[in-house]
Amino acid sequence: RHDPQGGAHFLEDESTKIFARKVADHYSARSNQTLEEREASPIIHLKKLNNWIKSVLIQLYARRGDAVLDLACGKGGDLIKWDKAKIGYYVGIDIADGSIKDCRTRYNGDADHHQRRKKFTFPARLICGDCYEVRLDKVLADDAPFDICSCQFALHYSWSTEARARQALANVSALLRPGGIFIGTMPDANVIIKKLREAEGLTFGNSVYWVRFDEEFSDKKFKSSSPFGIKYTFHLEDAVDCPEWIVPFDLFKSLAEEYDFELVFAKNSHEFVHEYMKKPEFVELMRRLGALGDGNQDQSTLSADEWEAAYLYMSFVLRKRGQHDKS
Ligand code: SAM
């Protein structure tokens, strides 16, 4: 038998890396879809809804000329949204080299991509790397400070261990200017745990997604377990098939406070839709994206199963404490 302390530590470290690699390989392997493939996706309206949520967050918080840090930027699906906000500079980082390559192609306005368009007006730096493993302040010393940081559908990958969850927040905190904004969207732990407790076994879902918890969580209480490393497998039709980790929001909020963040708001996606669909400019944006018909849940567009999958997510806005140097 191995030394319980040294050995266990080694094992935990190794498995954390293996899982991070698994996540990276999963996203790297996902190739760009053609416009036809995208429109035929069973979750096309959910994708459009999520794009609307990200656009609203960006329109609410980005200002002309801002320096933007996009953590886990993926294939650069938000580049156009940032361009519309007339930002001044963009740095995107992602662990998946395949995604960063696609992001670079998209940024360079590659002709065969479905978002064929003119080149972007802002300069960009695209980097392949793990945002939760190491300090990023040295790598990005010449690019910082940033006015706004965005981490969309990815921060939960940092909650595999306390060290990674802290590194993620430490990185954002170190790179944002005082008064800078951190926006993100991630799974809503309250919803996921509630659904798990209502489920018969350790799995729940519908025609577009399923979530499966490991056997070790069969009591569904999580009392004795650490709040970090609560792993489940998430499958979203035509999108995700990955190990993911629960982010208990109250803990996330207090950990963020340790890194000088104050919470501006946190909202489940359903609440987010109801709130921002009261504003005509965002109703118009929703109409253009085509996720919901008239602002209410409309079966001719988003299906009931997609709407339920949307409920699994929440958005947050944090502000870095300190003097605002921009008005
Ligand atoms: N933010 C993009 C968007 O909204 O379109 C991509 C979201 S995708 C669901 C999740 C992304 O997180 C993937 O591109 C994946 O490679 C990235 N990711 C996961 N773990 C990461 C890590 N440790 N460091 C950097 N990126 C990571």
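Below, each value reflects all heavy atoms present in this structure, side chains not excepted, and no hydrogens, waters or symmetry copies. Note that ligands are numbered from 1 as they come in the structure, with each ligand's atoms numbered from 1 the same way.
Within 4.0 Å of ligand 1, counting heavy atoms only, the contacting residues are Val23, Tyr27, Lys54, Ala72, Cys73, Gly74, Asp94, Ile95, Ala96, Gly129, Asp130, Cys131, Tyr132, Gln152, Phe153, Ala154, Tyr157, Arg164.
Remark: Tyr311 pairs with His270 by the ring-ring contact (aromatic ring centres under 6.0 Å, His included) rule, at least two apart or across chains. Looking at residues two or more places apart in sequence or on another chain, you find a side chain to side chain contact (heavy atoms under 4.5 Å, CB included) between Lys194 and Glu198.
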Derivation of the side-chain contact (heavy atoms from CB on, under 4.5 Å) call for Cys103 and Leu79 = CA-CA 9 Å; Cys103 187; Leu79 282 168; 4.3 Å; yes
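Judged by the 6.0 Å distance and 45° axis criteria, Lys279 is not positioned over the aromatic ring of Phe282.
Checking side-chain atoms of Asp147 against main-chain N and O of Arg177 turns up no donor-acceptor pair under 3.5 Å.
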In a table with atom names and distances, give each donor-acceptor pair under 3.5 Å that connects a side chain of residues 212-222 to protein atoms at least two apart or in another chain.
{"unit_1": "Asp214", "atom_1": "OD2", "unit_2": "Lys231", "atom_2": "NZ", "d": "3.3"}
{"unit_1": "Ser218", "atom_1": "OG", "unit_2": "Glu215", "atom_2": "O", "d": "3.1"}
{"unit_1": "Asp219", "atom_1": "OD1", "unit_2": "Lys221", "atom_2": "N", "d": "3.0"}
{"unit_1": "Lys220", "atom_1": "NZ", "unit_2": "Leu196", "atom_2": "O", "d": "2.9"}
{"unit_1": "Lys220", "atom_1": "NZ", "unit_2": "Ala199", "atom_2": "O", "d": "2.8"}
{"unit_1": "Lys220", "atom_1": "NZ", "unit_2": "Gly201", "atom_2": "O", "d": "2.8"}

